[in-house]
2 protein chains.
Amino acid sequence: MSQTLSVQLRLRDLIVSGEMPPGERLSEPSVAERLGASRTPVRAALARLAEEGLVEPIPSGGFAVRSFAEEEIQDAIELRGTLEGHAARLAAERGAPAAALAEMKRLIARMDEATSPPIREGNFTDYVALNAHFHELLVETAGSAVVARQIGRVVALPFASPSGFVLAQAALPEAHRVLTAAQEHHRGVVEAIEHREGARAEALMREHARLARRNLDFVMRNQESLRLVPGGALIRRRSWA
Amino acid sequence: MSQTLSVQLRLRDLIVSGEMPPGERLSEPSVAERLGASRTPVRAALARLAEEGLVEPIPSGGFAVRSFAEEEIQDAIELRGTLEGHAARLAAERGAPAAALAEMKRLIARMDEATSPPIREGNFTDYVALNAHFHELLVETAGSAVVARQIGRVVALPFASPSGFVLAQAALPEAHRVLTAAQEHHRGVVEAIEHREGARAEALMREHARLARRNLDFVMRNQESLRLVPGGALIRRRSWA
DNA sequence: CGTGTCGGGGCTGTATACAGACTGTCCTTT
DNA sequence: AAAGGACAGTCTGTATACAGCCCCGACACG
């Protein structure tokens, strides 16, 4: 693995895990020393993280760890809904290969399994992986590199990803109801794509993303569950400074 | 201006103008020598252009000038329509400041002027500038940094921008009709935002982008007009290699 | 004549040196 | 005592040196 990639991944981990608090200045020399690399790969890694949106350039030069207003995350989630809706509509309008549809149904069935009793340890992480896979497959099925790339950029923000809040949601009293609704959306989208119902597929994915917004609402009222959200330490409550 | 930025802009010009043909390999030393900078800023500039999508990493290392399939551009334009529709809907739902609406109306009026007789030299370039400004203002009015950033990334591809085909469209026999339709869309969107009609605003912006797809269709059948399109040299006709 | 191997050239990734700009502090002056 | 200026430390932007890798071509051998 290249030094650049290594620095990028480790730095992202440090940020997302909250070890680097929002606002912390990241100077090239300090990061270089901390991660044991020279300035050149550190510089490249910082530039990429800035592209992702996890750090931002500050006026005095260099970068700082970003923080995110709750509204901003709501916007990002809704935007993901719109983009995934776009992808679903494309898949429906242009037709999806039977193999892709079958695979999506299989994933849905396995998510059903993972969320039905008996509840075992690790069921939720199984669900998270399956869910992520489902969403990726949906985007791929749309068959547009441009769209896939764009969605990838939105999802790069950890809390905007389709699985960002699923883990925290386990602590939610309505966890079961939300999961049932989510699975109903999944089923509906596949059916809509199969029947070439573009508008329905699009509407469903938009509504699907609203579940994440509900989860965010809840998590913001529950500081303990916030720690289960990747990047949760970067979220600032409504109206700080 | 920094060397990095200078190299980035000049290299982009060389690519978009067609001086660097698609497929041409861009090695750091060659670009550095050609543009009179050292490898360090060249490297940074290439990375940014890769982010924009104008160049792509090639397996043997380094980058090459990208080419774009017609379908890909159609996809990018439709995606822009969806995103601008999203922005318009947000503006409508959340309400737009009166000043922004007034400014948009003013821009529309000036576009009317620019497209009505007497046709002067430069009318079209006026229109292009006003149109670009209108679209930027619309995005800004949505009031979401996340959405603005995302749209900016799609629009970075020159032919996906709202004004990409307007200039070439001047050669189109239906130029006047298309412009009239576009202005009708502009008027309708402002009205919809003003009346808080989110769905209408969104639908109009989507339809608006379809005009660009029509223009692309035409331009692809008219090699001369293709040269008026920024980045036209990068477009490859349906099914090359 | 075809194939395999060896060598050279060029390229990327990385480290590091250096110049200019900036920030923050401390001292001096009013 | 407060304000302004000078200085030191640090940072970024840039250039450049160096190592390892890959690709291509040439040459020799079967």
Side-chain angles (χ1 to χ4, degrees), chain A residues 1-15 19-67 149 152-153 156 234 241, chain B residues 1-15 19-67 149 152-153 156 234 241:
Chain A
M1 191 200 317
S2 75
Q3 286 282 60
T4 301
L5 190 57
S6 156
V7 170
Q8 186 185 348
L9 296 180
R10 284 188 289 159
L11 200 49
R12 176 157 58 202
D13 257 8
L14 288 174
I15 293 171
E19 211 157 324
M20 297 257 193
E24 173 153 337
R25 184 173 179 204
L26 300 175
S27 73
E28 292 170 13
S30 64
V31 175
E33 190 193 11
R34 176 158 188 175
L35 298 186
S38 82
R39 275 182 56 210
T40 307
V42 167
R43 190 178 181 73
L46 282 172
R48 290 198 196 169
L49 290 174
E51 268 307 316
E52 286 182 17
L54 283 180
V55 306
E56 63 185 343
I58 53 181
S60 53
F63 297 88
V65 178
R66 273 215 57 182
S67 69
R149 185 172 169 142
R153 282 173 166 166
L234 308 180
Chain B
M1 192 199 316
S2 74
Q3 285 282 59
T4 300
L5 190 57
S6 157
V7 169
Q8 186 185 347
L9 297 180
R10 281 188 291 159
L11 200 49
R12 177 156 57 202
D13 257 9
L14 287 175
I15 293 172
E19 211 158 325
M20 298 257 193
E24 173 152 338
R25 184 172 179 204
L26 300 175
S27 74
E28 292 169 14
S30 63
V31 174
E33 191 194 9
R34 176 159 187 173
L35 298 186
S38 82
R39 275 182 55 211
T40 307
V42 167
R43 190 178 181 73
L46 281 172
R48 290 198 196 169
L49 290 174
E51 268 309 315
E52 286 182 18
L54 283 180
V55 306
E56 64 185 344
I58 53 180
S60 54
F63 297 87
V65 178
R66 274 215 56 184
S67 69
R149 184 172 169 140
R153 281 172 166 166
L234 308 179

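Order of the sequence lines fixes the chain letters, A, B, ..., with proteins taken first and strands second; residue numbering starts at 1 for each chain.
In this model, the phosphate group of dG13(C) is not approached by any side-chain N or O of T4(A) to a distance below 4.0 Å at OP1 or OP2. At dT23(C), none of the side-chain N or O atoms of S60(A) fall inside 4.0 Å of OP1 or OP2 (strictly under the cut-off).
Residues L11(B) and L54(B) have side chains not in contact (no heavy-atom distance under 4.5 Å, counting atoms from C-beta outward). Inter-residue side-chain proximity for L49(A) and R12(A) is flagged as met; some heavy-atom pair is nearer than 4.5 Å.
Looking only at atom types and distance, the side chain of R34(B) has no donor-acceptor partner in the side chain of S30(B) under 3.5 Å away.
Protein atom CD of E33(A) is 14 Å distant from nucleotide atom C1' of dC11(D), rounded to whole Å. If you measure from atom CG of L35(B) to atom C1' of dA15(D), you get 16 Å, rounded to the nearest angstrom. Atom pair E28(B):CD and dT14(D):P shows a separation of 15 Å (rounding to whole Å applied). Counting to the nearest Å, the C1' atom of dA15(C) and the CZ atom of R43(A) are 14 Å from each other. Atom CZ of F63(A) is separated from atom P of dC11(D) by 15 Å (rounded to the nearest Å).
What you find for E28(B) and V42(B) is that their closest heavy atoms are O-CG1, 3.9 Å.
If R39(A) and Q3(A) are placed on DNA chain C by their nearest nucleotide, the residue sitting closer to the 5' end is Q3(A). The 5' end of DNA chain C is approached more closely, in terms of each residue's nearest nucleotide, by S27(B) than by the other of S27(B) and A37(A).
Side-chain proximity of S38(A) to the nucleotides dT16(C), dC11(C), dG13(D) is greatest for dT16(C).
Applying the 3.5 Å distance criterion, the base of dT16(C) shares a donor-acceptor pair with the side chain of T40(A).
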